[in-house]
Amino acid sequence: MANMVRRHTTSARLWRGGLYALLIVAALVYLLPLVVMLLTSLKPLDDIRAGGLLSLPSTISFEAWSKAWGSACTGMRCDGMSGYFLNSIAIVVPAVAISSFVGALNGYVLTKWRFRGANLCFALLLFGCFVPFQVVLMPMARTLGWLGLASSTSGLVLVHVVYGIAFTTLFFRNYYVSIPDEMIAAAKLDGAGFWRIFWRILLPVSGPIITVTVIWQFTQIWNDFLFGVSFAGFDSQPVTVALNNMVNTSTGVKEYNVDMAAAMIAALPTLVVYVLAGKYFVRGLTAGSVKG
């Protein structure tokens, strides 16, 4: 009996060790492009021309990062990524806040203040999750022109809010449906109204799904290129458009280290968000999965 237990324990350890080894290899494969980008951004151009992709730099230099941030050419302008980075922040912050709030309000109404046709309304909103970006380009351009928001930061905020409401509503609706209706009924008996229930009861317990929504919207909006290149003006282009212009510029010597540094700068906010809050994203996704 003792021998069987030992064999079973040894087999389980071998399986576990093999699984961990496979996961480590997969992680290294996925991290390889990031490692190449980082190494290339820290190399002088002579090292890039003489060495391989994974070769270590002879001297570590942050000159490419400094140039990418402050003086690299992005088309007709040579003032780096800094201004575009700030443009992206000016777009992301209000768009995430507004779309998350509207999604929370929609989810609240669709689950706790149900009305005739609520399921149909939710189905139509859900349909918006499957509409490709390209389909809305022409009607959105005409709408922005009609509102006088074309080629502006406010116009891009509106675009991302409208496109993101379907996703944020889906997240909050699926989370709120798991909250007992008896809690809302008790609050109504105590005299709480629509807004008081929303602010005092639902939002305080919405931490997990708010985290999911903010991370999702932040990632989608920050990494967007199509809406940025289609609707942004010369002074309101996001960082992804600047990165594309910098990488595809054909003037002067091709500086791969500057291009890689610019790509790292553009990707850094989303990397930081997922490293710091990735586990909360997974927890939030599973928090509302019991009912619905």
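The structure displayed is predicted, hence computed values, not measured ones. Because only heavy atoms are used, hydrogens play no part in the values below, and waters and symmetry mates are left out as well, while side chains stay in.
Annotation: Ile60, atom CD1; neighbour count of heavy atoms from other residues, nucleotides and ligands within 6.0 Å does not exceed 12. Counting heavy atoms of neighbouring residues, nucleotides and ligands inside a 6.0 Å radius, atom CZ of Phe115 exceeds 12 of them. Atom CZ of Phe62 has 12 or fewer heavy atoms from other residues, nucleotides or ligands within 6.0 Å. Dense packing is recorded around CZ of Phe101, with more than 12 heavy atoms of other residues, nucleotides or ligands lying under 6.0 Å away. Within a 6.0 Å sphere centred on CZ of Phe234, other residues, nucleotides and ligands contribute more than 12 heavy atoms. When the shell of 6.0 Å around CZ of Arg142 is examined, it contains 12 or fewer heavy atoms from other residues, nucleotides or ligands.
Closest heavy-atom contact between Gln217 and Gly164: NE2-CA, 3.6 Å. Taking all atoms of both residues into account, the shortest heavy-atom contact from Thr270 to Asn223 is CG2-OD1, 3.8 Å. Between Ser154 and Leu149, the shortest heavy-atom contact is CB-CD2, 4.1 Å.
Side-chain contact, Ser88 with Trp222: no donor N or O sits under 3.5 Å from an acceptor N or O. The closest side-chain donor-acceptor pair between Ser206 and Tyr176 falls under 3.5 angstrom.
Residues Leu39 and Leu56 meet the side-chain proximity criterion, which asks for heavy atoms closer than 4.5 Å. With a 4.5 Å cut-off on side-chain heavy atoms, Ile197 and Lys112 do not count as touching. Counting only heavy atoms from C-beta outward, the side chains of Asn106 and Phe172 never approach each other to under 4.5 Å. Counting heavy atoms from C-beta on, the side chains of Leu202 and Ile179 come closer than 4.5 Å. At least one side-chain heavy atom of Ser100 sits under 4.5 Å from a side-chain heavy atom of Val214. The shortest distance between side-chain heavy atoms of Leu34 and Met264 falls below 4.5 Å. With a 4.5 Å cut-off on side-chain heavy atoms, Leu170 and Leu126 count as touching. Between Phe194 and Val109, some side-chain heavy-atom pair lies under the 4.5 Å cut-off.
Cluster annotation: Phe231 and Val241 are assigned to distinct hydrophobic clusters (Ile/Leu/Val/Met/Phe/Trp/Tyr, side-chain heavy-atom contacts under 4.5 Å, transitive). Connection of Leu203 to Leu105 is established within a shared hydrophobic cluster, with ILVMFWY side chains joined at heavy-atom distances below 4.5 Å, either directly or through further cluster members. Under the 4.5 Å side-chain contact rule for hydrophobic residues, Val229 and Tyr84 do not share a cluster.
Remark: the backbone N or O of Asp224 is paired with a side-chain donor or acceptor of Thr240 at under 3.5 angstrom. Put simply, the side chain of Asp47 gets close to the backbone of Ser58: a donor and an acceptor are under 3.5 Å apart.
Under the ring pair (Phe, Tyr, Trp, His ring centres under 6.0 Å) test applied with Tyr108, the options Phe198, Tyr175, Trp195 reduce to a single match, Phe198.
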